[in-house]
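Single-structure report; data block below.
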Amino acid sequence: MANFSKSNVPRFSVDVYQNEYLPEGGREVNAIVTVTSTGGGTTGGVPLAGASPTPSALPGHSPNAAVVIMVDCSGSMDYPPTKMRNARDATAAAVDTLRDGVAFAIVGGTHVAKEVFPGDGRLAIADSRTRAQAKEALRRLSAGGGTAIGTWLRLADRLLATADVPIRHGILLTDGRNEHEAPEDLKAALDSCAGRFTCDARGVGTDWEVKEVTAIASALLGTADIVADPAGLAADFTSMMENAMGKEIADVALRMWTPVGVEIAFVKQVAPTVEELTGRRTEAGPRAGDYPTGSWGDESRDYHLCVRVPEAGIGQEMLAARVSLILPAPGGGAPEVLSQGLVRAVWTDDMAASTSINPQVAHYTGQAELAQVIQQGLDARKSGDLDGATAKLGRAVQLAASSGNADTAKLLSKVVDVVDAATGTVRLKAKVADADEMTLETRSTKTVRVKK
């Protein structure tokens, strides 16, 4: 493990968990890389005890973060009328959670995107006056029109681009399907916004499309969730905003350097959620590539790396990969290396050593499979393949039980009757509430860490 830091950013550390031993002719090397950031004032916007106010909280100073809240104002938000009222209240609660000095705006989304506050293509700077003005503007929000989420994201991007800040974040709420623009238009908007800001996405009620909302969060390195009861929106929005206020460093990349002859099979985040990163690589010099990780506060995440090394004889060893946390330098200079770890390969004729699976690797391989079989099982259920759904969801129950993923096990029990969790023996429930099925699908990628 290596550890590097500057005083004004969190301290990053990298720990590598792997079984480096391979049998003769073995080529595949797996490792779990745990990345942890601490310090840097990442306290969710609450000043550290005895600390001076941050520059963003002082008059005349620039903010260090900008947030745009996108609220669905389509006609369906009036059914029932409490949905729109709860959305207004939730956005007001989020505005109250903004720390002084943060730049912010509110966008109303229908088949077009409109600036609700402050208007004129600007961002407001959070203080007691602008918070009150924003909440007054929210009272005038009404429902009517269609849903074209790509237009909301593009407006948020334009607004966030006006702020010279390290942290740019969006919060998006929708209650329906993206019916008033083509799927390729939303995809183009996500491609355009990726890497420019992060975004948390929420679906309220049960009439929205899970795969749309999760795709938005995935593309923009945010979180996705369901708020089945609109009454829960205020608490969820407050939590999201507190989390956003806790971010202190953005655009951190996981850089993989590999020697000649080594191929990268995959790179994926496996905790706190499963997120495939392999296809997001950008080249970073000879045999090096960067994988985006988004913004960081006080937190820890796990990544699963798999590389294929050249065949070698017994007793040989090599560096299979060097993993670094990289912070791009302003103006395109040399990036700062925040932390670093090494992945090794050693060939041995000790069968016990070479066939042992590292517990971290085994655990997260199971968690990734758990997310996959839940999706496959729910898709099979929707298509009428009840035998396939039973098999996949039974495997999911088995994996959730063996790994200690109690939250996912509880969600699965709303969709299947569990006969024997250890063997994955289940029966599909005859009737399943839409909210229960959508919650399981939305949260299927949430993982737990290895049981100590």
Side-chain angles (χ1 to χ4, degrees), residues 72 76 83 147 149 172-179 183 186-187 190 199-230 232-233 236 239-240 268-276 364 366-401 403 405-418 421 424 426-448:
D72 192 334
S76 57
K83 199 189 292 183
T147 305
I149 295 174
L172 185 148
L173 173 72
T174 184
D175 82 323
R177 292 171 174 81
N178 198 46
E179 296 174 329
L186 176 57
K187 174 70 165 55
L190 289 171
C199 184
D200 295 323
R202 295 293 185 268
V204 60
T206 56
D207 294 325
W208 48 280
E209 183 61 50
V210 171
K211 286 180 171 58
E212 281 180 353
V213 169
T214 54
I216 292 165
S218 176
L220 302 181
L221 299 175
T223 63
D225 208 349
I226 178 174
V227 186
D229 182 353
L233 278 174
D236 190 72
S239 176
M240 273 193 292
K268 64 176 73 170
Q269 178 183 288
V270 288
T273 58
V274 177
E275 192 64 62
E276 181 62 62
Y364 283 123
Q367 292 290 285
E369 184 190 352
L370 173 59
Q372 183 179 49
V373 292
I374 288 173
Q375 291 290 334
Q376 291 171 339
L378 292 177
D379 287 346
R381 186 178 178 277
K382 290 173 188 173
S383 69
D385 177 8
L386 301 187
D387 289 342
T390 302
K392 293 295 185 183
L393 294 174
R395 175 61 175 156
V397 166
Q398 185 182 34
L399 287 165
S403 66
N405 196 329
D407 288 344
T408 298
K410 186 176 180 180
L411 295 176
L412 281 161
S413 71
K414 303 283 186 70
V415 177
V416 296
D417 291 315
V418 180
V426 303
R427 288 189 296 266
L428 295 182
K429 287 184 181 291
K431 295 189 73 174
V432 177
D434 288 345
D436 290 334
E437 184 175 8
M438 292 174 73
T439 301
L440 175 61
E441 185 175 3
T442 306
R443 298 179 183 171
S444 63
T445 60
K446 291 183 183 292
T447 58
V448 291

Worksheet entry | Electrostatic pair Asp407:Arg443 at N-O distance under 4.0 angstrom | no

Worksheet item: Is any side-chain heavy atom of Arg202 less than 4.5 Å from a side-chain heavy atom of Asp236?
Response: yes

Worksheet item: Which heavy atom of Thr174 sits nearest a heavy atom of Ile149, and at what distance?
Response: OG1-CD1, 4.2 Å

Worksheet item: Is it the case that more than 12 heavy atoms not belonging to Lys392 sit under 6.0 Å from its NZ atom?
Response: no

Worksheet item: Any side-chain heavy-atom pair from Val204 and Leu233 closer than 4.5 angstrom?
Response: yes

Worksheet item: Would one find more than 12 heavy atoms of other residues, nucleotides or ligands at under 6.0 Å from atom NZ of Lys382?
Response: yes

Discussion item. Side chains of Asp200 and Thr223 only: does a donor on one sit below 3.5 Å from an acceptor on the other?
Written reply: yes

Worksheet, complete the sentence: For Leu172 and Cys199 the tightest heavy-atom approach is CB-SG, 4.0 Å

Worksheet item: Could you state the interatomic distance from CD (Glu212) to CG (Leu190), rounded to the nearest 0.5 Å?
Response: 10.0 Å

Worksheet item: What is the distance from atom CZ of Arg395 to atom CD of Glu369, rounded to the nearest 0.5 Å?
Response: 4.0 Å

Practice prompt. Of all the heavy-atom pairs spanning Ala380 and Ala389, show the shortest one and how long it is.
Written response: CB-N, 3.7 Å

Fill in: Short side-chain donor-acceptor distance under 3.5 Å, Gln375 and Ser444
yes

Discussion item. Set out, in order, the CA-CA distance, both residues' side-chain angles and the distance that settles salt bridge (Lys or Arg N to Asp or Glu O under 4.0 Å) for Asp379 and Lys211, then state yes or no.
Written reply: CA-CA 11 Å; Asp379 287 346; Lys211 286 180 171 58; 3.1 Å; yes

Fill in: Non-neighbouring partners of Asp417 that pass side chain to side chain donor-acceptor pair (under 3.5 Å), sequence neighbours left out
Lys429

Discussion item. Treating Glu209 as the side-chain partner and Asn178 as the backbone partner, does any N or O pair qualify as donor plus acceptor under 3.5 Å?
Written reply: no

Item to complete: Indicate whether the side chain of Thr390 and that of Arg381 have a donor and an acceptor atom separated by less than 3.5 Å.
Response: no

Item to complete: Report the C-alpha distance between Thr445 and Glu275 in whole Å, list the side-chain angles of each, state the deciding distance to 0.1 Å, and finish with yes or no for side-chain contact (heavy atoms from CB on, under 4.5 Å).
Response: CA-CA 8 Å; Thr445 60; Glu275 192 64 62; over 6 Å; no

Worksheet item: Going by an N to O cut-off under 4.0 Å, is there a salt bridge joining Arg177 and Asp207?
Response: no

Worksheet entry | Within-4.5 Å side-chain heavy-atom neighbours: Thr447 and Val270 | no

Worksheet, complete the sentence: Heavy atoms of Ala421 and Ala401 approach each other most closely as CB-CB, 3.9 Å

Discussion item. Can you give me the closest heavy-atom contact between Met438 and Thr206, atom names plus distance?
Written reply: SD-O, 3.4 Å

